[in-house]
Amino acid sequence: MATTEKILDFNSVWEYSPAPESTDHIKLDDKYDLFINGEFVAPKNGKYFRTENPATGKKIAKVAEASKADVDNAVRAARTAYNKYWSKMPAKERSKYIFRIARIMQERSRELSVIESLDGGKPIRESRDIDIPLSAAHFFYYAGWADKLEYAFPGRKTKPLGVAGQIIPWNFPLLMAAWKIAPALATGNTVVLKPAETTPLTAMKLAEIIQEADLPPGVVNIITGAGETGRAIVNHPGLDKIAFTGSTVVGKYIQKTLAGTGKKYSLELGGKAANIIFEEADIDQAVEGIINAIFFNQGHVCCAGSRLLIQEGIADEVVHKLKNRMETLIIGDPLDKNTDIGAINSKAQLKRINELVSAGIDEGGTVYQPNCTLPNSGYWFKPTLFTEVSQSHRIVQEEIFGPVLAIQTFRTVDEAIEKANNTPYGLSGGVWTDKGSKIFKVTKQINAGIIWANTFNKFDPTSPFGGYKESGMGREGGLHGLLPYVELI
Ligand code: NAD
């Protein structure tokens, strides 16, 4: 796959002026407490941890670290709210509260977008155009279901499970909170939610929104902390369900812990998606889609297209075009509206990316990175592609969760399908071809929960999302997303 043509130096052709989003309109406190029973309360042990801006490495605020005692209080508040208010309230009244959350979220969308980018490192374009509008859309969508559950499951009645413990990751902080809270409330459950320790701030803003929406106290409790707090939630005997999104390692721990307890659980875990480009595909469209699939949002997407399978005859052309496009990507200030690639979410995540990229080089892969400079402070990684890699290489098998693409070639449709399926994961995939019949053949045979054709990373609240194999169990989104929160009677 040697490329003979020269890669263009786009940086010398044009430069964009800075276009930073204003931060004047946001209000952040120095310290955030736990949101339990409708109030912000200090953690019992008085411990706080810092959340920082990964683009600078500077502290933004102190955030409470919930201990077992705080988890206990939150679960108790959620149980009381379930018995006293939420399970007794007519469904159409419940839906009014959920609609209210959605509307306030829309009203505060500029503020939420900026905070999401500050705390998580993702480009403002992503938080402004994807994360926040989609979060509000999920609340709108599930608010609509609250009083129509009998149509979701015709001939069956639904019964809420009770109190759900919900644990989410750092890559789509507010969106993951919306995916979890909206269907749980719509089906009549109350919740205790824990955001990731590196991105707690939009969840605390959501707590403010829930207060503003005047939900009965204890219906939604939001507590912060790291793995220990998560463990205390998983092990709490007063919960009826655990909903988890995060790594496969922690997902397996949760599955083992909950075995035999009678608690229900749903798991949304890691991925190692393959994009497959066939030779008849529109190559320019595919290249743009692949860039979007792995480099935008720093590859911090569980369903990111981190593998690329190219049909042999077009491999040189595709790789060449990819390299050219990589030269034009703008890396830097997440708050700049022109930025394509923001900061890596944390020092720990940067270490993991570096480790896996070194392993790829040691195993004989050929690396390409564009000619760009990275900011001096904070956590950054250049968009990277690997060629000359094979199925057994770690970078082909393991989730990197960074802007790193592993490229392989194939000759036949069957070889592409076999390679696409040959990882422990089964979350997503992509097919690029102008032949409709091939789309049907290939998508049917790829073991993944979500497969896009001639596009990638498109989300909608009406559409279910979830994985096969080590990518998890259960579905979120759409009508399917109601099921993990009800018993059918
Ligand atoms: P992680 O598993 O390290 O952490 C996820 C959450 O679990 C965090 O809130 C963390 O504090 C908590 N946690 C950590 N240890 C725990 C324990 N022992 N018990 C209970 N909770 C614990 O994952 P991460 O690094 O935050 O997120 C990245 C991972 O999330 C990737 O693997 C990605 O693919 C996955 N993800 C999956 C989806 C999906 O829908 N399938 C969506 C987003 C992210």
Side-chain angles (χ1 to χ4, degrees), residues 49 51 54 63 65-66 68 71 119-122 131 134 138 165-180 192-200 203 222-236 239 242-258 263 265-273 294 297-306 344-353 356 398-402 423-428 448-450 457 459 463-477 480-481 484:
F49 60 94
T51 184
V63 183
E65 187 180 322
K68 262 176 151 173
V71 172
D119 203 22
K122 65 171 61 191
D131 293 60
L134 259 183
H138 274 81
Q166 307 182 317
I167 302 171
I168 55 171
W170 46 260
N171 60 336
F172 286 91
L174 190 66
L175 183 60
M176 292 296 114
W179 278 23
K180 298 266 179 292
V192 174
L193 174 112
K194 187 193 90 62
E197 55 273 33
T198 57
T199 51
I222 300 182
I223 58 174
T224 40
E228 269 312 300
T229 310
R231 245 192 295 270
I233 294 176
V234 172
N235 286 289
H236 198 289
L239 291 166
I242 299 292
F244 173 78
T245 299
S247 60
T248 295
V249 175
V250 176
K252 285 182 179 174
Y253 158 79
I254 292 175
Q255 204 169 20
K256 275 189 204 144
T257 309
L258 297 184
K263 273 185 214 166
Y265 58 89
S266 43
L267 305 170
E268 296 280 358
L269 310 175
K272 192 74 192 172
I294 183 64
N297 206 9
Q298 307 76 252
H300 290 347
V301 184
C302 51
C303 49
S306 54
I344 299 301
N345 181 262
S346 66
K347 199 174 187 175
Q349 187 55 27
L350 182 58
K351 186 166 167 252
R352 172 157 173 82
I353 297 170
L356 275 162
E398 293 181 32
E399 185 182 43
I400 301 174
F401 227 53
T423 77
Y425 297 105
L427 188 58
S428 60
I450 311 104
N457 275 350
F459 302 99
S463 169
F465 188 95
Y468 285 80
K469 302 194 281 184
E470 295 199 8
S471 291
M473 55 200 303
R475 294 290 178 265
E476 290 185 314
H480 301 68

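When a ligand or atom number is given, it counts from 1 through the structure's own listing order. Residue numbers run from 1 in the order of the sequence given.
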Please state which part of E197 comes within less than 4.0 Å of ligand 1, counting heavy atoms only: side chain, backbone, both or neither. side chain
Closest protein heavy atom to atom 21 (N) of ligand 1, given as residue, atom name and distance to 0.1 Å: G230 CA, 3.5 Å
Heavy-atom pairs closer than 4.0 Å: do any link ligand 1 to the side chain of I233, the backbone, both, or neither? neither
May I ask you to check whether N235 and T257 show a side-chain donor-acceptor distance below 3.5 Å? no
Under the 3.5 angstrom rule, does the side chain of T224 hit a backbone N or O of E65 as a donor-acceptor pair? no
Proximity of P195 to ligand 1 by residue part, where a heavy atom lies under 4.0 Å: backbone
With N345 as reference, evaluate T198, D119, T199 under the side-chain hydrogen bond (donor to acceptor under 3.5 Å, both in side chains) test and give the passing residue. T198
Contact region, E399 to ligand 1, non-hydrogen atoms below 4.0 Å, reads side chain
Closer than 4.0 Å to some heavy atom of F465 - which atoms of ligand 1 meet that? 39 (C), 40 (O)
Give a yes or no answer on whether the side chain of K272 reaches the backbone of E399 with a donor-acceptor pair at less than 3.5 Å. no
Aromatic F244 / basic K194 pairing, under 6.0 angstrom, 45° off normal: no
Any sub-3.5 Å donor-acceptor pair from R231's side-chain atoms to I254's backbone N or O? no
Rounded distance [0.5 Å steps], CZ in F401 versus CH2 in W170: 4.5 Å
Region of L269 engaging ligand 1 - heavy atom pairs below 4.0 Å: backbone
Of the non-hydrogen atoms in L427 and S471, which two are nearest, and what is the gap between them? N-OG, 3.2 Å
Could you find the nearest protein heavy atom to atom 25 (O) of ligand 1 and give me its residue, atom name and distance? W170 NE1, 3.0 Å
Look at atom 42 (C) of ligand 1 and find which of C302, G246, A232, G270 reaches it with the closest heavy atom. C302
About how many Å separate CD of Q166 and CD1 of I242, when rounded to the nearest 0.5 Å? 9.0 Å
Just to confirm my output: which protein heavy-atom neighbour is closest to atom 12 (C) of ligand 1, and how far is it? I167 CG2, 3.7 Å
When rounded to the nearest 0.5 Å, the distance separating CD1 of I222 from CD1 of I168 is 8.0 Å
If we ignore hydrogens and angles and just use 3.5 Å, is the side chain of S428 paired with the main-chain N or O of A273 as donor and acceptor? no
Please state which part of F244 comes within less than 4.0 Å of ligand 1, counting heavy atoms only: side chain, backbone, both or neither. side chain
L427: numbered ligand 1 atoms lying under 4.0 Å from its heavy atoms: 41 (N)
Taking distance alone, with N or O pairs closer than 3.5 Å, would you say K194 contacts ligand 1? yes
Within ligand 1, which atoms have a heavy atom of N171 less than 4.0 Å away? 43 (C), 44 (C)
Distance from atom 16 (C) of ligand 1 to nearest protein heavy atom, with residue and atom: V250 CG1, 3.5 Å
What protein heavy atom lies closest to atom 28 (C) of ligand 1? Include the residue and the distance to one decimal. F401 CE2, 3.5 Å
Identify the closest protein heavy atom to atom 9 (O) of ligand 1: which residue and atom is it, and at what distance? I168 O, 2.8 Å
Is it the case that the side chains of K180 and T245 hold a donor-acceptor pair, with the cut-off being a distance below 3.5 Å and no angle test? yes
Numbered in order shown, the ligand 1 atoms found under 4.0 Å of a heavy atom of Y253 are 18 (N), 19 (N)
Provide, to 0.1 Å, the distance between atom 13 (N) of ligand 1 and the closest protein heavy atom, together with that atom's residue and name. G227 CA, 3.9 Å
Test your reading of the model: is there a side-chain donor-acceptor pair from T248 to the backbone of E470, 3.5 Å cut-off? yes
among protein heavy atoms, the one nearest atom 2 (O) of ligand 1 is S247 OG, 2.6 Å
Would you verify that at least one protein heavy atom lies under 4.0 Å from atom 4 (O) of ligand 1, or report that none does? no
Which atoms of ligand 1 have any heavy atom of P169 under 4.0 Å away? 26 (O), 27 (O), 30 (O), 43 (C), 44 (C)
Heavy-atom distances under 4.0 Å decide this one: backbone, side chain, both or neither, for A226 against ligand 1? backbone
K263 side-chain N/O to L239 backbone N/O, donor-acceptor pair under 3.5 Å: no
